[in-house]
Structure formats: C-alpha cells, structure tokens
Amino acid sequence: MAVMATHPLTVGFDLDMTLIDSRPGIRAAYQALSAETGTYIDADLAVTRLGPPLELELAHWFPAARIQEMGDRYRAIYPEYAITPSPAMTGAREAVAAVRAAGGRAVVVTAKHEPNAKLHLAHLGIEPHAVIGWLWAEAKAEALREHGASVYVGDHTGDVRGARAADALSVAVPTGPCGVDELREAGADVVLADLTTFPAWLNSYCAERA
C-alpha cells in the first residue's frame, strides 16, 4: 500500500501486547473482579484474547444488563491490581526512543481506558508525546489522522484495520493473540518478529521517506 508521508514523522503505537505485556495485570484484575462479584471469570482465557474493548470480554461472563456496571468497576480497581505486575514488552522503550531519535513524535492509540493507559506508561517510564484511549479498530483512525501518523504499530488485526482506515502504514508484531499469517491476511504492510527490530526498520523507512 502506498503511503503519503507526513512531516514531521509521527508513529502510532498500540498499548496492550505491543508496548506492554498487560497479561499479568489484567489477569489479576479479572481475578479480583471475580472474587468481589462471586461470578466465575476464566482470567487465563481472557488474557489470550486481548485487544478488543473490555465490554466484549465481560459479555462472556456477565448478563448484558450488568456490562456497564462491571466495566466501571473493573476500571476502578484496575490501578490497584494491574499496573505494577505488567512489564514493558521487549524492545518497547527502544522503539519509542527510536522515533524520538529520528526527530519524530510517538503517540499511543489504544482501546484501553485512557487514564489506566497513562498509568501503565508512567509506571514503566515510557513517554510518548500523546496517549489516546477508548478507540478500537477502525475508530483508531480518528486519532491517527488527528496526529498525522504515517505509521501505526500494533499486534492485533484490529490495529491493522485502524492503520488502513487512517491510510497509515500498518506495522504488525505477532506478540499478542494474532499470528503472522493472520496479520498479513488482514493487510499488514510490514510484519516484524517483535519490537527489537523496529529501530532498524524505522531507519530504513526514514531513509526511504527522505
């Protein structure tokens, strides 16, 4: 897919399973919600399908009439249980630093509750120029366009869809629930093994832009 470069360089990143391994924290938050409500939640299963909005996962465990209530409660207890246990993905800090080193801006666009996304990044010392939450799949294009992103990096087919909707280059990493073939079939322009190879790729991309 041909992409018209924007100046200055802006690169968007997804959060869960792209910049952070949120599985330990999300597992703990679901376990706490299960204990509090007395409702069974298979937290180990839930963390294998991260990416879509929280409400879609909660619908597996709660009746429709309780989804909003449970979503609000989950987000409220999330900082206590989920921030500290969740590490950065390998290469995440270096990927964001590479964008800065190239004279660009890094923005995080995620489906996660924005205040909790910011807590994760602050805890890990990852400092993007902006964090935009509550956006999933094609809706991510709103923020990507607003910030002039020419590249969007994510681990899910929903991230690929968001990049394509924004006419941004889709760079995918199979570090979440979606494998290489699935990401390519969804339309990813580039698939990297993980973020450790992103700085070298970005150097090549910037050279081509120039």
Side-chain angles (χ1 to χ4, degrees), residues 1-22 49-54 56 88-89 91-92 94-100 102-114 117 120-121 126 128-210:
M1 179 176 65
V3 175
M4 181 65 69
T6 59
H7 296 276
L9 171 69
T10 299
V11 176
F13 291 91
D14 176 50
L15 184 65
D16 290 336
M17 303 311 300
T18 300
L19 290 179
I20 69 169
D21 183 352
S22 52
R49 47 195 185 198
L50 300 181
L54 169 65
L56 296 184
M89 295 294 285
E94 293 81 359
V96 173
V99 177
R100 290 182 178 273
R105 302 175 70 253
V107 298
V108 172
V109 183
T110 174
K112 190 180 289 295
H113 183 53
E114 188 172 304
H120 274 296
L121 293 164
I126 298 174
H129 289 80
V131 180
I132 306 95
W134 303 300
L135 296 176
W136 162 242
E138 287 83 359
K140 292 188 174 189
E142 301 169 16
L144 295 173
R145 288 197 197 96
E146 179 182 349
H147 288 272
S150 59
V151 176
Y152 185 58
V153 186
D155 67 283
H156 200 284
T157 56
D159 299 323
V160 177
R161 288 156 49 196
R164 295 182 68 84
D167 292 325
L169 195 76
S170 171
V171 177
V173 286
T175 49
C178 301
V180 171
D181 291 343
E182 190 176 358
L183 293 165
R184 285 179 174 153
E185 288 170 6
D189 298 295
V190 178
V191 180
L192 305 175
D194 56 36
L195 287 181
T196 62
T197 60
F198 178 81
W201 175 84
L202 183 66
N203 286 339
S204 297
Y205 172 76
C206 290
E208 291 176 2
R209 281 174 108 237

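Nothing fancy with the numbering, it's 1 onward along the sequence.
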Looking at Leu121 and Pro128, what are the two nearest heavy atoms and their distance?
-> CD1-CG, 4.0 Å
Give the intermediate values and the outcome of side-chain contact (heavy atoms from CB on, under 4.5 Å) for residues Asp14 and Val109.
-> CA-CA 5 Å; Asp14 176 50; Val109 183; over 6 Å; no
Donor-acceptor side-chain pairing of Asp194 and Thr175 below 3.5 angstrom | no
What residue among Val11, Val99, Thr10, Val131 forms side chain to side chain contact (heavy atoms under 4.5 Å, CB included) with Val107?
-> Thr10
Taking all heavy atoms of Gly12 and all of Ala149, pick out the closest pair and write down the distance.
-> N-CB, 4.3 Å
Distance-minimising heavy-atom pair for Leu9 and Cys206 | CD2-SG, 3.8 Å
Any donor-acceptor N/O pair, Arg100 side chain to Arg105 backbone, under 3.5 Å | no
Evaluate the criterion side-chain contact (heavy atoms from CB on, under 4.5 Å) for residue pair Leu135 and Glu142; output intermediate values, then yes/no.
-> CA-CA 8 Å; Leu135 296 176; Glu142 301 169 16; 3.9 Å; yes
Got a second to check how far Leu15's CG is from Met89's CE, nearest 0.5 Å?
-> 10.5 Å
Atom CG in Asp189, atom CZ in Arg184: separation rounded to 0.5 Å?
-> 12.0 Å
Any chance you could measure His113, atom NE2, to Trp134, atom CH2, to the nearest 0.5 Å?
-> 5.5 Å
Distance in Å, Cys178 SG paired with Met17 CE, rounded so as to fall on 0.5 Å steps = 11.0 Å
Rounded distance [0.5 Å steps], CD in Glu138 versus CG in Leu144 | 11.5 Å
So do the side chains of Asp155 and Pro177 get within less than 4.5 Å of each other, counting heavy atoms only?
-> yes
Heavy-atom side-chain contact between Asp159 and Lys140 under 4.5 Å = yes
Grab the two heavy atoms, one from Pro174 and one from Ala193, that are nearest each other, plus how far apart they are.
-> CD-O, 3.6 Å
How far apart are the closest heavy atoms of Pro8 and Gly103, and which atoms are they?
-> CB-O, 4.3 Å
Can you tell me how far the CZ atom of Phe13 sits from the CG atom of Leu19, to the nearest 0.5 Å?
-> 6.0 Å
For the pair Ser22 and Asp16, evaluate side chain to side chain donor-acceptor pair (under 3.5 Å) and give the outcome as yes or no after the intermediate values.
-> CA-CA 6 Å; Ser22 52; Asp16 290 336; 2.9 Å; yes
Salt-bridge test for Asp167 and Arg145: reply yes if a basic N is under 4.0 Å from a carboxylate O, no otherwise.
-> no
Side-chain heavy atoms of Ile20 within contact of His120, under 4.5 Å | yes
What do the steps show when you test His147 against Ile132 for side-chain contact (heavy atoms from CB on, under 4.5 Å), and what is the final call?
-> CA-CA 10 Å; His147 288 272; Ile132 306 95; 3.5 Å; yes
Centroid-centroid under 6.0 Å between Phe198 and Tyr205 rings = no
Mind listing the closest non-hydrogen atom pair of Ala92 and Ile126 along with its distance?
-> CB-CD1, 4.3 Å
Show your reasoning for whether side-chain contact (heavy atoms from CB on, under 4.5 Å) applies to Leu195 and Val173.
-> CA-CA 7 Å; Leu195 287 181; Val173 286; 4.2 Å; yes
Compare all side-chain heavy atoms of Pro52 with those of His156 and state whether any distance is below 4.5 angstrom.
-> yes
